[in-house]
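Both counts, for ligands and for their atoms, begin at 1 and track the order of listing. Note that the structure is a prediction, hence the values are computed from the model and not measured. Each residue takes its place number in the sequence, starting with 1.
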Amino acid sequence: MYQTGTSSALYERVRHVIPPIEWPVFEDDIDTILRLKRQRNAIILAHNYQTPEIFNCVADITGDSLALAREAMKAEADVIVLAGVHFMAETAKLLNPSRTVLIPDTDAGCSLAESITPADVRLMRQRYPGVPVVTYVNTSAGVKAESDICCTSGNAKQVVESLGVPEVIMIPDEYLARNIAAQTNIKIIAWAGHCEVHERFTPADIRSFRDSHPGVVVLAHPECPPEVVAEADFAGSTAAMSAYVDSHRPSRVVLLTECSMSDNVAVRHPTIEFVRPCNLCPHMKRITLGNIRSALEEMRNEITIPEAVAVPARRAVERMLAVKG
Ligand code: 13P
Ligand code: SF4
């Protein structure tokens, strides 16, 4: 879906999650961004954790990390603005190097990406010679360049099983690694990185939601600790959680993930009650209509990746995209 129209028509879409009193604050930026996109032949790719006015009113393509990577690779626009965090913009640049990729705020990082360096990966390889390295996309291009293959939360099990080996190193998310280990016979050697948003959920939280909201269906992201995933009704990537709500239509649901996700799914399901434990990702929240607008106005914050890093990093990401499932 390519986003066009005027801001007042777009309000209809988000009226359930953005109060009318807040809307005028967004209108001028939305109209300007829609105009700049046409002028620059630009598209905006937005992750599921972006705020509703970005996700629903200026984004052309939305989704989880895997969908955004696939869409970035196919994009024909001259400019791709990545409304998400830095590793997502780097992944878009790796997969479509001839396009100009902009990130509205270069400080939009990720605690997982910060948890590991290329030198750490080389040390892991020395410690476990011959064991392939599966790297979560939530990492820098430098770390991807040291890896055999990437994965996302949407395809991690398929990627691990595609290698046909008894043992893999899976970095940097310890909880994702342990959650995947619980679903496969392949031995998984993990790193100790954590997502600062998902590590905060606890099994006690789930019990308290179930007590206070009888019948609530609990969906968890696989970056949550394994004890949390074990007590949830379903675990999956942000796209899988969204699809679960679309297909099961629970009357009450809680999404154990970033706050904006509930708003964005609620836009499609105004009659479902979303219980909202609000854990914000401070990195995702650095992206605003204001800095999307200035990125497009000034063509600033372009992603560049040195060729020596881009070539091996691209190989690891493309190898992931070739895995079926
Ligand atoms: P998804 O790939 O499931 O969208 O997750 C990305 C992310 O950053 C989760 O915290
Ligand atoms: Fe990184 Fe967690 Fe934020 Fe996702 S939610 S970008 S994993 S810190």
Honestly, for Glu258 the part within reach of ligand 1 (heavy atoms, under 4.0 Å) is neither
Counting heavy atoms only, which part of Asn138 comes closer than 4.0 Å to ligand 1: side chain, backbone, both or neither?
side chain
Give the atom numbers and elements of ligand 2 that come within less than 4.0 Å of a heavy atom of Tyr49.
5 (S)
Atom pair [atom1] ([X]) and [atom2] ([Y]), whose distance is rounded to the nearest 0.5 Å:
{"X": "Phe87", "Y": "Ser140", "atom1": "CZ", "atom2": "OG", "value": "11.0 Å"}
{"X": "Ser242", "Y": "Arg268", "atom1": "OG", "atom2": "CZ", "value": "4.0 Å"}
{"X": "His86", "Y": "Glu114", "atom1": "NE2", "atom2": "CD", "value": "10.5 Å"}
{"X": "Asn179", "Y": "Glu227", "atom1": "CG", "atom2": "CD", "value": "8.5 Å"}
{"X": "Glu196", "Y": "Leu280", "atom1": "CD", "atom2": "CG", "value": "10.5 Å"}

Any N or O on [X] sitting closer than 3.5 Å to an N or O of ligand 1?
{"X": "Asp64", "answer": "no"}
{"X": "Asn48", "answer": "no"}
{"X": "Ser237", "answer": "no"}
{"X": "Thr152", "answer": "no"}

Relative to the heavy atoms of Ser65, which atoms of ligand 1 are at a distance of less than 4.0 Å?
1 (P), 2 (O), 4 (O), 5 (O), 6 (C)
Contacting atoms of ligand 1, where contact means under 4.0 angstrom from a heavy atom of His198:
10 (O)
Out of Val197, Thr238, Asn155, whose heavy atom sits nearest atom 4 (O) of ligand 1?
Thr238
Is it true that [X] and [Y] make a salt bridge, defined as a side-chain N closer than 4.0 Å to a carboxylate O?
{"X": "Glu297", "Y": "Arg35", "result": "no"}
{"X": "Arg293", "Y": "Asp28", "result": "yes"}
{"X": "Glu90", "Y": "Lys93", "result": "no"}

Please report the C-alpha distance between Val323 and Ile149 in whole Å, then the side-chain angles of each, then the deciding distance to 0.1 Å, and finally whether the side chain to side chain contact (heavy atoms under 4.5 Å, CB included) criterion is met.
CA-CA 10 Å; Val323 172; Ile149 188 166; 4.0 Å; yes
Protein N/O/S atoms under 2.8 Å of atom 2 (Fe) of ligand 2?
Cys195 SG
Is any side-chain heavy atom of Val317 closer than 4.5 Å to a side-chain heavy atom of Met73?
no
Under 30°, 30 to 60°, or over 60°: which ring-plane class applies to His198 and Phe201, parallel, tilted or perpendicular?
tilted
Distance to 0.1 Å, residue and atom name: give those for the protein heavy atom nearest to atom 7 (C) of ligand 1.
Glu223 OE2, 3.7 Å
Nearest non-hydrogen protein atom to atom 5 (O) of ligand 1, with distance, is His221 NE2, 3.3 Å
So, His248 versus Tyr244, ring centres under 6.0 angstrom or not?
yes
